[in-house]
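Worth saying up front: this structure is predicted, and the values here are computed from it rather than measured. Lettering of chains follows the sequences in order, A, B, ..., and the numbering in each one begins at 1.
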Protein chains: 2
Amino acid sequence: MGRGNITIEDVAREAGVSRQTVSRVINRSPNVSGSARSRVEQVIETLGYVPNAAARRMGGARSYLLLAAIEGGTAGELAGRLPLDRMLLEGLAACSGQGYHLMFKQISQERDLASALTSLTPDGIVLLPPLDERAEFHHMLERRGLAAACLAERHEHGRVLPGLDEAGFGEAATAKLIEHGHRQVGFIAGDGDIVRSRRRIEGYRRALAEAGSRAHRHFVSEEPRDLAGAIDLARGWLAPTIRPTAIIAGTEAVALGVLQVAHELGLAVPRDLSLLALEDTSGLARSHPPISTLHQPLGALFAGACMRLIEAGEGGGAIRPQGTLTPAIASAAHVFMPRATIARAPRAV
Amino acid sequence: MGRGNITIEDVAREAGVSRQTVSRVINRSPNVSGSARSRVEQVIETLGYVPNAAARRMGGARSYLLLAAIEGGTAGELAGRLPLDRMLLEGLAACSGQGYHLMFKQISQERDLASALTSLTPDGIVLLPPLDERAEFHHMLERRGLAAACLAERHEHGRVLPGLDEAGFGEAATAKLIEHGHRQVGFIAGDGDIVRSRRRIEGYRRALAEAGSRAHRHFVSEEPRDLAGAIDLARGWLAPTIRPTAIIAGTEAVALGVLQVAHELGLAVPRDLSLLALEDTSGLARSHPPISTLHQPLGALFAGACMRLIEAGEGGGAIRPQGTLTPAIASAAHVFMPRATIARAPRAV
DNA sequence: CTGAAAGCGCTAACAT
DNA sequence: ATGTTAGCGCTTTCAG
C-alpha cells in the first residue's frame, strides 16, 4: 500500500473482484453486474476509497483536471480585470460536483501553455480574457486535440468568435435606457480593462446613433475614472442645463460617484437622472437608492465553461476538439438587476 | 511516446545517458558530472522537455503540488471574507517560481480533506482562515506527516497558535491612533467575517482600556455595516459635541461612509477627525483625502505560507511535519499605509 | 460481464 | 558518477 493510502487493489480484494471491475465501477462503465457493482460500491464506502488522480492520469485516461489560463502580470496589474474570487469559487463548485479538479495558471507565451499542458495534461482548458483572443493558443490546443472554452462567444461580421461580446454589452445597456425614453445618455468608463471599456463604448455609440441621438458626442468619458475622477466629471456634466438624463457607469466607484454628485446638485435619482452600472457589487445594492445594474455574470459564465468542457470529455472517452463545443447556453451573457435608479426620461431636457 | 509528448526517455536517448541521469539533472541532484549535466540541459532545452507532474508523483517522490483549503460555502456567502483574487495570483507567482503547482479546494469536513489528500497527494497544504483553527484538520495532517501552514500565527496565553492575530491587529490599529493623542476612538465593523471583526474589537477595547479611555463603551459598532449603515451610524456619532476624534473603519465602504458624513457635517479630515481603515483598496487610496490604512497583506501572507511549505519540502526530501515550520517572517502581519487621514487629536473634545 | 497482462513517465533503491 | 531494476495506482488493451 505504499504510503498507506487505500488503493483500488484493496477495494478489489475486499470485494472479491478484480481491480478492473472496481475500475469499471468508479468509471461508471455499464458492463458491470448489479451485484458486483453494489458490492464494490459498498466496500468503497466502507474503506473510504478515493482514486488517486495522478495514477488515473498515468493509466492513459482522463486526468479529471481542468486548467484556467489567466493572462500574465502581477496581482496589482490584474486587479479588477476579472472577478477571480467569484470565478474560483463558482468554477470549483462546478468542477468538484463532477469529480473534476480545477487549477489556475498564468500564461503569457506559447511556451507557458505548452509547459502547462505537458506537465499537467488537463482534459480541457478555459482561456480567460484576454487570452481567448490569442489565435496561437487556440491553434496549439487544436493541434493537441485539447478541448478549449472561453467565457462566452461573440458574433462579429456574421462569424462566431471567441471572447465576450463587450460591444453588445454596451449596446444592451444603452438600449435599456433608450427603452425608457432616454436620448441623452452618458457613459463613464471605470478603471479596469481599458480595451473592454472601449468596446463597450462602441456598442453604446452604435445604440445611440441608431436611436438618432448625438449624446455620444458629448457625454462619453473613455479614460478610466476612479471615484474622484467620476465625481469631477459628473459635476461638469450635471451642473449645466443641458445634461444627460441617464448615465451608464462602468464600475461601482463611478456609479457611487455619480450618485453623490446628483445628491449634491439636488437631482433626484431616478426622477431627474437614471443610472445604470455595468458591474454588480454589494456596494451598489446597498447605496441610497440601490443602483440598477446590467452586468456580465463572469463567475457563472466561467462555471458554465467548465461544465461544457467536462461534458465534452464525458461524451465519448476521447475529448472533442474545440470546434464542437456547445454554445454558452448555461448562463446569459448579461444579467439585468433592476433596482431603483432607472425611470422614464423627463419630458424636456 | 504515448500521446506524443516528449518524455524523460527521449531526453536520455538524445543525450546519450540513462533516464536516471536526466532525472538527477531535473531534480538538481549534486551527483552529476558537469559534462553530463550540461549535455542533458542542452537537450532539454532543444526538445522543450517538461516533466509530467502525474508521473513524477507516481514515482513516489514529491508531487510538487500545494493545496490551499478554503472553507465551504457558496461564492455569495464567502464574498469579502478573503481577497481570494490576490491570494490566487500571489500564491501562483510564489509557487510557479519554484516549479510548484497550486490548487484551491473548498473543504468543509474531515472527509473532504481526506479525499483531497488521497486524490491529489499534495506536498503541503495551506489552511486558510477560518479552517486554520480546526484542530481536527491539523491532527489529520500531522497523522499523515503532511506539512501544513496558515497565513500567520498568533500569540495567545503565551502559546503560539495557528491563525491570524485579529485581536493584535485591532490593538495595533487603535495604538496607532492613541499614539497621535487620540482617546475618543470609535470602531465600526464592516460586513465580512463577523468573527474576525469581534476579535479586532477585543484588541481595540484592550488598547483603549490601557490608555485609560472609555470610548469603547460608546463608540463601537459590532454589527456589520455597509455604506448606508456606516453613514447612519456616523451621523449619530459625529453630530453631537461629544464625539470621537478618530474612527477605525473595518472596510472600505465604512471608511468612505464616515468620510462622507464628515464632509456633510463640516468636519475637516484629519484636522477634526482622524480615520483609519482596516483594509486596503484602490478606492481608499483615491478618495478625498486618501484614507490611511492598517491592513493585513493577505496575498503576501499566503504567498509566504506557500514558500514556507516549499522550503520545508525541499529541505530533506522527506516533508517535515507542521511543528517545525519556520515562522511567518516573510511578510509582516500588518502593514501601515500612511495617507492623509491621520493627525494629532484636537486639544479639547 | 469479467479477468489477466502490459504499460503510462518518473523516481527510489540498489548496483556498478 | 552513472546505470539498472522495480515499482507507484490506475486504465487500457485483449482474452475469456
Would you please test B:Leu151 and B:Asp132 for side chain to side chain contact (heavy atoms under 4.5 Å, CB included) and show each step?
CA-CA 8 Å; B:Leu151 295 189; B:Asp132 51 2; 5.7 Å; no
Within the 4.5 Å heavy-atom criterion, are [X] and [Y] side-chain neighbours or not?
X: A:Glu110; Y: A:Arg134; answer: no
X: B:Leu298; Y: B:Leu82; answer: yes
X: B:Asp123; Y: B:Ser63; answer: yes
X: A:Thr7; Y: A:Asn52; answer: no

Distance in Å, A:Ile125 CD1 paired with A:Lys105 NZ, rounded so as to fall on 0.5 Å steps:
11.0 Å
Gap between atom CG of B:Leu66 and atom CZ of B:Phe104 - 0.5 Å precision:
10.0 Å
For atom [atom1] of [X] and atom [atom2] of [N], their distance in whole Å:
X: B:Asp10; N: C:dC8; atom1: CG; atom2: P; answer: 11 Å
X: A:Arg57; N: C:dC10; atom1: CZ; atom2: P; answer: 9 Å
X: B:Ile6; N: C:dG9; atom1: CD1; atom2: P; answer: 12 Å
X: A:Ile26; N: D:dC10; atom1: CD1; atom2: P; answer: 7 Å
X: B:Tyr64; N: C:dC10; atom1: OH; atom2: C1'; answer: 11 Å
X: A:Ile8; N: C:dA4; atom1: CD1; atom2: P; answer: 14 Å
X: A:Arg62; N: D:dT11; atom1: CZ; atom2: P; answer: 10 Å

Could you encode protein contacts along nucleotides 1-7 of chain D as a string, one character per nucleotide from 5' to 3', using B for base contact, S for sugar-phosphate-only contact and - for no contact, with a heavy-atom cut-off of under 4.0 Å?
SBBBBBB
Show the numbers, then the answer: is there a side chain to side chain contact (heavy atoms under 4.5 Å, CB included) between B:Val43 and B:Tyr49?
CA-CA 8 Å; B:Val43 174; B:Tyr49 166 72; over 6 Å; no
Hey, does the side chain of B:Ser119 reach the backbone of B:Ala116 with a donor-acceptor pair shorter than 3.5 angstrom?
no
Determine yes or no for a side-chain-to-main-chain donor-acceptor pair under 3.5 angstrom, with B:Glu90 supplying the side chain and B:Ala300 the backbone.
yes
Closer than 4.0 Å, any side-chain N/O of B:Asn5 to the OP1 or OP2 of C:dG9?
no
Can you name the closest pair of heavy atoms from B:Ser29 and B:Arg37 and give their distance?
O-NH2, 2.8 Å
Axis-to-axis angle for the helix from C:dC1-D:dG16 to C:dT16-D:dA1, ends of five pairs each, to 10°, equals 30°
Heavy-atom contacts under 4.0 Å between residues 40-54 of chain A and DNA chain C, which residues?
none
